[in-house]
Number of protein chains: 4
Amino acid sequence: MATDDVLKIGGRTFTSRFILGSGKYSHELISAAVQQAGAQIITLALRRANTGVDNILDHIPEGVTLLPNTSGARNAHEAVRIARLARELGCGDFIKIEVIRDSKYLLPDNGETLKATEILAKEGFVVMPYMYPDLNVARDLREAGAASIMPLGAPIGSNKGLCTREFIGILIDEIDLPVIVDAGIGKPSQACEAMEMGAAAVMANTAIATAGDIPKMAAAFRKAVEAGRAAYLAGMGRVLANGGAASSPLTGFLQEA
Amino acid sequence: MATDDVLKIGGRTFTSRFILGSGKYSHELISAAVQQAGAQIITLALRRANTGVDNILDHIPEGVTLLPNTSGARNAHEAVRIARLARELGCGDFIKIEVIRDSKYLLPDNGETLKATEILAKEGFVVMPYMYPDLNVARDLREAGAASIMPLGAPIGSNKGLCTREFIGILIDEIDLPVIVDAGIGKPSQACEAMEMGAAAVMANTAIATAGDIPKMAAAFRKAVEAGRAAYLAGMGRVLANGGAASSPLTGFLQEA
Amino acid sequence: MATDDVLKIGGRTFTSRFILGSGKYSHELISAAVQQAGAQIITLALRRANTGVDNILDHIPEGVTLLPNTSGARNAHEAVRIARLARELGCGDFIKIEVIRDSKYLLPDNGETLKATEILAKEGFVVMPYMYPDLNVARDLREAGAASIMPLGAPIGSNKGLCTREFIGILIDEIDLPVIVDAGIGKPSQACEAMEMGAAAVMANTAIATAGDIPKMAAAFRKAVEAGRAAYLAGMGRVLANGGAASSPLTGFLQEA
Amino acid sequence: MATDDVLKIGGRTFTSRFILGSGKYSHELISAAVQQAGAQIITLALRRANTGVDNILDHIPEGVTLLPNTSGARNAHEAVRIARLARELGCGDFIKIEVIRDSKYLLPDNGETLKATEILAKEGFVVMPYMYPDLNVARDLREAGAASIMPLGAPIGSNKGLCTREFIGILIDEIDLPVIVDAGIGKPSQACEAMEMGAAAVMANTAIATAGDIPKMAAAFRKAVEAGRAAYLAGMGRVLANGGAASSPLTGFLQEA
């Protein structure tokens, strides 16, 4: 990947386009996973940043940007409170807004997410809202000062992949912010496809945490994301509507030989 | 990728699982594409190996295994004749059988392919038949001495992807030979998916040749194939039938904080 | 179809589960299409109800429930204004809320749609909001007094089908209101699939209007919707994860014969 | 459906395009299913036609064409033997060739099927071969005298649907015989889609036999097949590559009102 293809968010520059979620790993696996995934951003729930003796923060390598999330918030008010607490605890200005009031499908509440984004962007946070991929809401989030949008591919933890493909594509076309696909991505090929479509980055957590070999799956995601990005930059070939097209000289060979 | 994960075909050992087709490149681009793709096997139509002044063979790096194909053959007899000619010309023992009598969809003739495989395997060739992914024929090809099978994903040159997904999966389950997906793969994500399913390797030609930036797309395919292989070896996580599954501690956070 | 399987909305009972949009037909075709589709509800933009000499209302058969929509509204205020005007013009109490501020993809504005729903439900309208299939918003619409929800399958007029399949399924599971798939359905098979999933009804307009033979396509949609409903009521058979299952006695036949 | 849209096979004319497989029903259910499905052709394994006291033939309504299949045959020889026996037993000239040597996936053996077709067509049978959807083999079957081809959608009994979609489409384009999709169709919407693509008919067995309510599911398949046929004849509307298209007058409404 050319080093001049960088992702800029909140004044920082990233060469990695894979974001690792930390929610389901044992502490011992996190640094291994971060290293294999080449991740420069790692999300974590605030509670995990703050658990006394064996602090998860100790397991995150130097130079990785922490992206605390507001997991556990059921409305804008709670999300704002968690964000402020994260900053006080030294987690920095980046915040992933996650407001969920649906306990079965864990789908984000776009309305409350928008409210929290407005408040926190004004307070100088680098706000990265997790969202249901609704174009109108994405426009409002941009107006409200979001630094990126993080639409879901499928319900959190489902490993179902790009169920929102059509609408992620619309967001990429229409929204002038980095579009980071977050939630539901279950296989490296799905992360690769999102990147081919023009996503700025992909986040995964459960896909890696539920794999048989966590560090190896982290490495697989890294390469798949890089592959998809390179393909996007290279420009995809056309797809035929019908028929085939010879890739080798098919006719006349034997006559001429 | 662990160096002990190798692909063995015809007594040779390959660490790359991406096979490059050469049919559509200008000569100047081939060495660049081979290098970027990390390919250790490259297919080419015999006519391209034999065109006087600017010989394509001069553009293929050292150490790459040549896989001449029988492109142009319309039946087993012609395929056998081309294979023998390739060996005489110094192209080695590897031969990709390609018998096509359908000029619109360019679909392989499984029956003639089987006949050619029987003959050429007995003559000591390392026979890699391009085939329509029919389980019964795959079994017959194995009995006939094929060194691998190369089922199509979609019509040649179509870039349509894994249209035969269900049946490629059956071949991988049932056939004790390397299954190499050949034809139709149009995007790195599709190559990655084939590898996640357990394919031994993937071949692409048109997807790279029709890309905007050929070397960059070659590099993308390399990484995607490596990603898919790593994911297969790592073991995929489960996919939820319904609902979501929290990846972070969602409940009780605020009460406890 | 058993006559006791009825769809109830706003105190009325319908035996048809196909809703016809009138936006793209010439007047002469509407009554033919309604008859062939067996539709008991037909939507129309208010402007079409109100154009002097050749009034579309004259072309709608007796006994069909008119569902005026607020097409043209860019916010809740405009939608409310159109709804009230429709009632004044004698179009009845049914109203389909359609608030669109995105002129390229024509995606509904869920926030404004919710506001309009709250106001109009209080005024005694039978409110049927066209919506982007967001579970949290669907819950809010129900709370606000919606009589049904009308999530889209794909952008209006695209004929792309059930791109929101995963999320329509979630709405059907979770929302205790008739879920009517509206927009994007391009083929009878897609309408059938939506019904198999448990949708209460399907609406189509462009799929019929752009067909070669409008009355015949209307008849096709009618049967497809009835087929899907019957299948849903019958209960689908299981899908095998792997392998096949003999449907006839395969073994031992010849020995015994 | 216009009565002049008929399916002709072996000199007979059918107005129904749904073929019912009888392999998995109790005898009592067969006549109900046939009636609900409106089927004019019903397949059955020869053994079922010949079991003494409670003969399945007694449960098949008048006027239905019997299509005995060669289920149980593992090669052409056995299939030919079963076909001749069926004719001797009074089952008529129609014969569905089914040659299977793969006991896990139950995929047809195209090579043996072709041999049996050649022999039986010469003996005056109306030969309807069940096949793996390989274009070259389909051409050979036509040459050999097949009266139709019956490509599979997915493994028998799997209810997986149109996994061979791409290749069924090629057969419909290229083969000048009725293409009847047989095996794997699990839902009415899938049968409808096959018909929309231009299939001449669809067969189902397991999808109905494993449904909760067999007669109701049979009725659902009947309507879905009729819907798909009507849509095919009507001519499908275009699908947008991007964006939406207004189906109602969206702009300027309020200003003019």
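Order of the sequence lines sets the chain letters (A, B, ...), proteins ahead of strands, with each chain counted from 1. Below, each value reflects all heavy atoms present in this structure, side chains not excepted, and no hydrogens, waters or symmetry copies. This one's a predicted model, so the numbers in the text were calculated from it and none came from an experiment.
By the side-chain contact (heavy atoms from CB on, under 4.5 Å) test, Ala220(C) is found to be paired with Pro188(C), Met217(C), Ala230(D), Ala231(D), residues two or more places apart in sequence or in another chain being considered. Evaluation of the ring pair (Phe, Tyr, Trp, His ring centres under 6.0 Å) rule for Phe18(D) yields Phe221(D) as partners, not counting sequence neighbours.
Among the candidates Met195(C), Met236(C), Lys160(C), Glu196(C), the residue making the largest number of heavy-atom pairs closer than 4.5 Å to chain D is Glu196(C). The choice from Ala207(C), Ser103(C), Ala234(C) that makes the most heavy-atom pairs within less than 4.5 Å of chain D is Ala234(C). Top candidate by heavy-atom pairs under 4.5 Å with chain D, chosen from Gly237(C), Ser189(C), Ala191(C), is Ser189(C). Counting heavy-atom pairs under 4.5 Å between each of Cys192(C), Ala154(C), Pro215(C), Gly184(C) and chain D puts Cys192(C) at the top.
Looking at Glu193(D), both its backbone and its side chain come within 4.5 Å of chain C, counting heavy atoms on both sides. For a residue to count as touching a neighbouring chain, one of its non-hydrogen atoms must lie under 4.5 Å from one of that chain's; by this rule Ala219(D) does not touch chain C. Only the backbone of Ala241(C) comes within contact range of chain D, with heavy atoms under 4.5 Å apart.
No option in Asp182(D), Ile41(D), Thr70(D) other than Asp182(D) meets the side-chain contact (heavy atoms from CB on, under 4.5 Å) test with Lys96(D).
Formation of a donor-acceptor pair under 3.5 Å by the Asp102(C) side chain with backbone atoms of Leu107(C) is found in this model. The main-chain N or O of Leu152(D) is found under 3.5 Å from a side-chain atom of Thr164(D) such that the two form a donor-acceptor pair.
No more than 12 heavy atoms of other residues, nucleotides or ligands sit less than 6.0 Å from atom OH of Tyr232(C).
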